[in-house]
Amino acid sequence: MSSKPLSEKNKDFFDLVYEVVKHIPEGRVTSYGAIAKYLGAARSSRMVGWAMNASHRMPDVPAQRVVNRNGLLTGKMHFGDPNEMQRLLEKEGHTIQNDQIMNFKDSFWDPSIELRID
DNA sequence: AGCATGACGAACA
DNA sequence: GTGTTCGCCATGC
């Protein structure tokens with residue numbers, strides 16, 4: 001089957017991304033690649049970013065907790081106000097310097113490990 | 001149909 | 001550690 005338009009198929013992918021992001025605990029962050037890998041699209045990390053771009057229409061999706069592998073707030077400019085993303089992360093206890101999360105590795109949350117299915 | 005871009009990541013020099 | 005290149009695949013022109 002798979003006769004459906006891609007626009008409809010990726011909708012499922014978007015929904016999966018949102019679900020993972022919603023499971024990110026407060027004070028933790030993850031990367032696009034980690035989510036992509038968890039969804040089985042490890043080489044499609046850009047698609048995760050694309051999904052996040054649409055996440056603005058979804059409530060309860062803490063997109064600020066999703067950064068790139070460098071811990072850099074690459075998507076800060078997509079929050080309407082560029083300072084919003086950093087403000088939210090600092091509010092959750094993160095320390096951000098030069099648009100980068102300090103102790104990123106220590107705050108990293110890997111869905112393939114913490115959100116694994118028992 | 002082809003070309004350029006993108007909230008990325010890994011490999012390589 | 002930095003800069004470049006390639007892969008990935010959906011979107012826009």
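Note that the structure is predicted; figures quoted are calculated from it, not measured.
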- prompt: To the nearest angstrom, how far is A/F14 atom CZ from B/dA7 atom P?
  reply: 13 Å
- request: Evaluate the side-chain proximity of A/S55 to A/V21: yes if any heavy-atom separation is below 4.5 Å, no if none is.
  value: no
Euclidean distance, atom CD of residue A/Q86 to atom P of B/dA7 [Å, nearest integer]: 18 Å
Atom pair distance, as rounded to whole Å: CD in A/Q100 and P in B/dA7: 18 Å
message: From CE of A/M77 over to C1' of B/dG6, roughly how many Å is that when rounded to an integer?
response: 11 Å
- prompt: Is A/R87 salt-bridged to A/E84, going by a charged N under 4.0 Å from an acidic O?
  reply: yes
message: Just checking A/R69: does its CZ atom have more than 12 heavy atoms from other residues, nucleotides or ligands closer to it than 6.0 angstrom?
response: no
Distance in angstrom units between A/K37 NZ and C/dC8 P, rounded: 17 Å
Side chain to side chain contact (heavy atoms under 4.5 Å, CB included) evaluation trace for A/N53 with A/F14: CA-CA 10 Å; A/N53 208 328; A/F14 280 31; over 6 Å; no
query: From the list C/dA10, C/dC8, B/dA7, which nucleotide is the closest neighbour of the side chain of A/M47?
result: C/dA10
message: With rounding to the closest Å, how many angstrom separate the P atoms on B/dA4 and C/dT5?
response: 15 Å
task: Just compare B/dA10, B/dA7, B/dG6 and give me whichever is closest to any side-chain atom of A/W50.
output: B/dG6
query: Taking CE from A/M52 and C1' from C/dC9, how many angstroms apart are they, rounded to a whole number?
result: 18 Å
- request: Compare all side-chain heavy atoms of A/Y38 with those of A/T30 and state whether any distance is below 4.5 angstrom.
  value: no
field: Nearest-nucleotide pick for A/S44, side chain only, options being B/dA7, B/dG9, C/dC8
entry: C/dC8
statement: Separation of B/dG9 atom P from A/N70 atom CG, nearest Å, is 7 Å
- request: Go through residues 55-64 of chain A and report each residue with a non-hydrogen atom lying under 4.0 Å from DNA chain B, sorted by number.
  value: A/S55, A/H56, A/A63
query: Per the side-chain contact (heavy atoms from CB on, under 4.5 Å) rule, which among A/V29, A/L72, A/N70 passes with A/I101?
result: A/V29
Length of the line joining A/H78:NE2 and B/dT5:P, which is rounded to integer Å: 16 Å
- request: Check side-chain contact (heavy atoms from CB on, under 4.5 Å) between A/M102 and all other residues, then give those that pass, not counting sequence neighbours.
  value: A/T95, A/Q97, A/Q100
- request: Would you classify A/N68 as touching base, sugar-phosphate or nothing, given that sugar-phosphate means primed atoms plus P, OP1 and OP2, and contacts are heavy atoms under 4.0 Å?
  value: sugar-phosphate
- prompt: So, is A/R43 close to the B/dG9 phosphate, meaning a side-chain N or O under 4.0 Å from OP1 or OP2?
  reply: no
